[in-house]
Amino acid sequence: MTPPKASTQDDMALLRQEYEESARFISGITGGRPQTCIILGSGLGDLADSIEGAVAIPYAEIPHFAQSTAAGHKGNLIYGRLGGCETLAMQGRFHYYEGYAMREVTRPVRVMKALGIKNLLVSNAAGGINNTFKIGDLMIIRDHINMMPNPLVGPNDETLGARFPDMTRAYDRDFIRLAEEIAAERGISLKKGVYVGLTGPSYETPAEYSFYGRAGADAVGMSTVPEVITARHAGLRVFGMSVITNEGYHFADDFVNDAADVLRAAGEASAKMSALFAELIRRIGED
Ligand code: HPA
């Protein structure tokens with residue numbers, strides 16, 4: 001194994017500089033000190049409508065940010081108040097299946113860290129593997145299985161995080177408890193389970209859904225895990241939620257997976273998830 005080239009240090013310094021520049025640009029517009037960032041998954045961008053005094057910053061204007069090309073992803077960073085707290089919401093994320101390098105998929109998390117964000121709330125549309133899950137259900141992600149390339153592969157910048165970050169509690173247990181309390185008080189039914197992150201973009205075959213179910217997954221999707229690994233590397237506290245948009249456990253003769261159905265199901269569950277996130281942010285702020 002050859003030792004890392006000197007240029008690696010320069011690359012890391014350059015990247016850090018880019019994160020700082022993006023963060024400076026954003027804080028120059030927002031002026032505030034938000035503690036929480038939400039990443040909104042496919043079809044879940046409507047949560048941004050609940051943000052008071054919203055200021056939208058198109059990704060295209062943020063230095064060094066990539067563009068969001070996926071269906072159901074708008075490509076704006078929204079700043080305002082949610083649950084009474086200053087919040088940033090990413091209306092659209094970058095997926096590995098779009099062809100972005102993992103560095104670009106996870107760049108926004110680095111920028112959030114540079115901005116002083118402490119908590120990351122991630123959401124996604126996911127296929128249900130657990131046969132007790134129905135379309136429209138909300139699932140708290142209690143753990144994940146990573147089947148994508150790990151975003152931390154490559155030289156490690158020790159100023160950003162440890163070489164071998166712990167993943168035993170990737171999803172913050174206090175946040176999970178708070179979310180369960182809120183749901184119980186409001187009569188919102190919540191599932192809890194393991195999310196497996198795959199590259200996509202093809203949906204799974206019935207054999208694959210069944211395979212990941214046997215491996216311990218309850219839901220499957222094409223996002224979230226790279227951002228969560230990066231957030232934990234950066235020391236952010238993480239809460240994750242999947243909206244179950246299709247049922248990957250019974251396949252009637254005429255059934256096919258269709259992205260339009262996925263977006264519709266996510267849109268329909270989005271109000272329920274938004275209310276839960278707003279209250280979660282309020283309680284995290286009070287903690
Ligand atoms: N598989 C992968 N990703 C998904 C699915 C699915 O069934 N549904 C929504 N995102």
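All values below come from the heavy atoms of this structure, side chains included, with hydrogens, waters and symmetry mates left out. We count ligands from 1, going down the list as the structure has it; atoms in each ligand are counted the same way.
- Pairs engaging residues 104-127 under the salt bridge (charged side-chain N to carboxylate O under 4.0 Å, His left out) rule: Glu18-Arg107, Glu104-Arg107 [sequence neighbours left out].
- The immediate protein surroundings of ligand 1, defined as residues with any heavy atom under 4.0 Å of it, consist of Ala125, Ala126, Gly127, Tyr203, Glu204, Tyr209, Val220, Gly221, Met222, Thr245, Asn246, Val262.
- A salt bridge links Glu181 with Arg177: the distance from a Lys NZ or Arg NE/NH1/NH2 to an Asp or Glu carboxylate oxygen falls below 4.0 Å.
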Under 3.5 Å, which donor-acceptor pairs link side chains of residues 30-37 to any protein atom two or more places apart or in another chain?
{"from": "Thr30", "atom 1": "OG1", "to": "Ile26", "atom 2": "O", "distance (Å)": "3.3"}
{"from": "Thr36", "atom 1": "OG1", "to": "Asn119", "atom 2": "ND2", "distance (Å)": "3.2"}

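- Aromatic ring pairs are classed by plane angle as parallel below 30°, tilted from 30° to 60° and perpendicular above 60°; the pair Phe65 and Phe94 is perpendicular.
- Under the 4.0 Å criterion applied to side-chain N and carboxylate O atoms, Lys191 and Asp218 are not assigned as salt-bridge partners.
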Can you give the donor-acceptor pairs under 3.5 Å from side chains of residues 135-144 to other protein atoms, not counting sequence neighbours?
{"from": "Asp137", "atom 1": "OD2", "to": "Lys134", "atom 2": "N", "distance (Å)": "2.8"}
{"from": "His144", "atom 1": "ND1", "to": "Tyr171", "atom 2": "OH", "distance (Å)": "2.8"}

